[in-house]
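Whatever order the structure lists them in is the order used to number ligands and atoms, beginning at 1.
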Amino acid sequence: MTAAYNPMDLTGRRILVTGASAGIGRATAVVLAKLGARLVLNGRDEERLAGTADRLDGHEENGGHAIAPFDLSDLEAVPGWVKGLCADDAPLDGIAHCAGIQTLRPIRIFSAAFFDEVMRANLGSALALARGLRQKGCHADRAAMALISSTAATAASPGNVVYAASKGGIIAATKGLAVELLSDGIRVNCVVPSIVETELIERGKQKLTAGQYEHLRTLQPLGFGHPDDIAHMIAYLLADTSRWMTGSIVTVDGGRTA
Ligand SMILES: NC(=O)c1ccc[n+]([C@@H]2O[C@H](COP(=O)([O-])OP(=O)(O)OC[C@H]3O[C@@H](n4cnc5c(N)ncnc54)[C@H](OP(=O)(O)O)[C@@H]3O)[C@@H](O)[C@H]2O)c1
């Protein structure tokens, strides 16, 4: 019998998944493990990371997945942390960077502290991880990074402009990093989701009326997204299916920007 055809096979690949303790990152970890990848799961909440690990294919049999709690907002420490992950095991074949924060906040209450918090967590972390991955011994001969932007960056998102700016930065970073990291054999692409039902949205919902929430739902002709809708695209961007893509900005938004 021939093996089933699977162009997204990730058997033997070692991939760091950030934001793996919740939402899109957790769904991405589940999908990547099903495709055969060996994962390093990052977030800050160790208990919730262990909860993700328990859901992964292959976790109990070979203990192949690892948990690495770490605050990615500590930008200066990120490259050394990545170095340590690789020194302890093997170089990474990819990073699915799903960690991020969002707090709705109108510009009338803008503050430098809020700006720093959001920019560090969403944009600074991506840049620091890129620096970490390109270090000697930290990436396989051919590796890939999948970043997450947002339609908040490509369609007006009032009351949310600091987040939107951080996600616009992800688009700019994807393009620049893609070219800068060509010689390191690292491809860099990003996904642009519209609203996906995760804890991040659940928290925002508490500030909205039922009418406002319904309005958000109808922004996507196909309704709210499911975390797997983004996880599948991230898997595509880390697997050989996307070997001819770098610097691409891939919209997965339920038709929001159609
Ligand atoms: N949901 C949506 O509608 C939507 C739409 C467009 C884009 N996105 C983007 O997609 C990504 C995932 O969103 P989500 O909805 O899955 O969010 P979520 O459910 O709130 O999960 C966020 C994840 O990020 C981790 N995280 C946050 N700050 C961190 C830090 N400083 N260091 C390490 N980990 C950190 C959290 O882990 P701990 O709590 O354990 O630290 C958690 O695992 C984010 O970048 C978000 O901006 C989401």
Residue portion contacting ligand 1 (non-hydrogen atoms closer than 4.0 Å) for [X]:
X    : result
D71  : both
R26  : neither
P69  : neither
I101 : side chain
R120 : neither

Would the number of heavy atoms belonging to other residues, nucleotides or ligands and lying under 6.0 Å from [atom1] of [X] be above 12?
X    : atom1 : value
R134 : CZ    : no
E214 : CD    : yes
D141 : CG    : no

inquiry  = Tell me which one of N189, T246, L147 satisfies side-chain contact (heavy atoms from CB on, under 4.5 Å) with L237.
reply    =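 In the set N189, T246, L147, the residue that makes a side-chain contact (heavy atoms from CB on, under 4.5 Å) with L237 is N189.
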Qualifying residue, where the test is side-chain contact (heavy atoms from CB on, under 4.5 Å) with H97 and the options are L72, V17, V188, L133 =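 That would be L72; it is the only one of L72, V17, V188, L133 passing the side-chain contact (heavy atoms from CB on, under 4.5 Å) with H97.
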request  = Report yes or no: do Q220 and D253 form a side-chain donor-acceptor pair below 3.5 Å?
outcome  =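 D253 and Q220 do not have a side-chain donor-acceptor pair below 3.5 Å.
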message = Less than 3.5 Å apart, any donor N or O on the side chain of S242 or R187 sitting next to an acceptor on the other?
response =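 Looking only at side-chain atoms, R187 and S242 do form a donor-acceptor pair, the distance falling under 3.5 Å.
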Atom indices of ligand 1 within 4.0 angstrom of [X] heavy atoms, with elements:
X    : value
Y163 : 6 (C), 7 (C), 8 (N), 9 (C), 46 (C), 47 (O)
G23  : 16 (O), 19 (O)
C98  : 11 (C), 12 (C), 44 (C), 45 (O)
S73  : 31 (N)
K167 : 44 (C), 45 (O), 46 (C), 47 (O)

Please confirm whether [X] comes within less than 3.5 Å of ligand 1 when only nitrogen or oxygen atoms on both sides are compared.
X    : result
I24  : yes
L72  : yes
V196 : yes
D45  : yes
N42  : no

Whether [X] lies under 4.0 Å from ligand 1, heavy atom:
X    : answer
F70  : yes
A27  : no
R48  : yes
R203 : yes
I148 : yes
S149 : yes

To check your reading of the model: name the closest protein heavy atom to [atom], its residue, and the distance in Å.
atom                    : result
atom 15 (O) of ligand 1 : T198 OG1, 2.4 Å
atom 41 (O) of ligand 1 : R44 NE, 2.5 Å
atom 26 (N) of ligand 1 : A99 CB, 3.8 Å
atom 23 (C) of ligand 1 : G19 CA, 3.7 Å
atom 42 (C) of ligand 1 : S21 OG, 3.6 Å

ask   = Do Y163 and F114 make the cut of ring centroids closer than 6.0 angstrom?
value =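 Ring-ring flag for Y163/F114: false, centres at least 6.0 Å apart.
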task = Indicate yes or no: does R48 engage E199 in a salt bridge with an N to O separation below 4.0 Å.
result =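 The answer is yes: the pair qualifies as a salt bridge.
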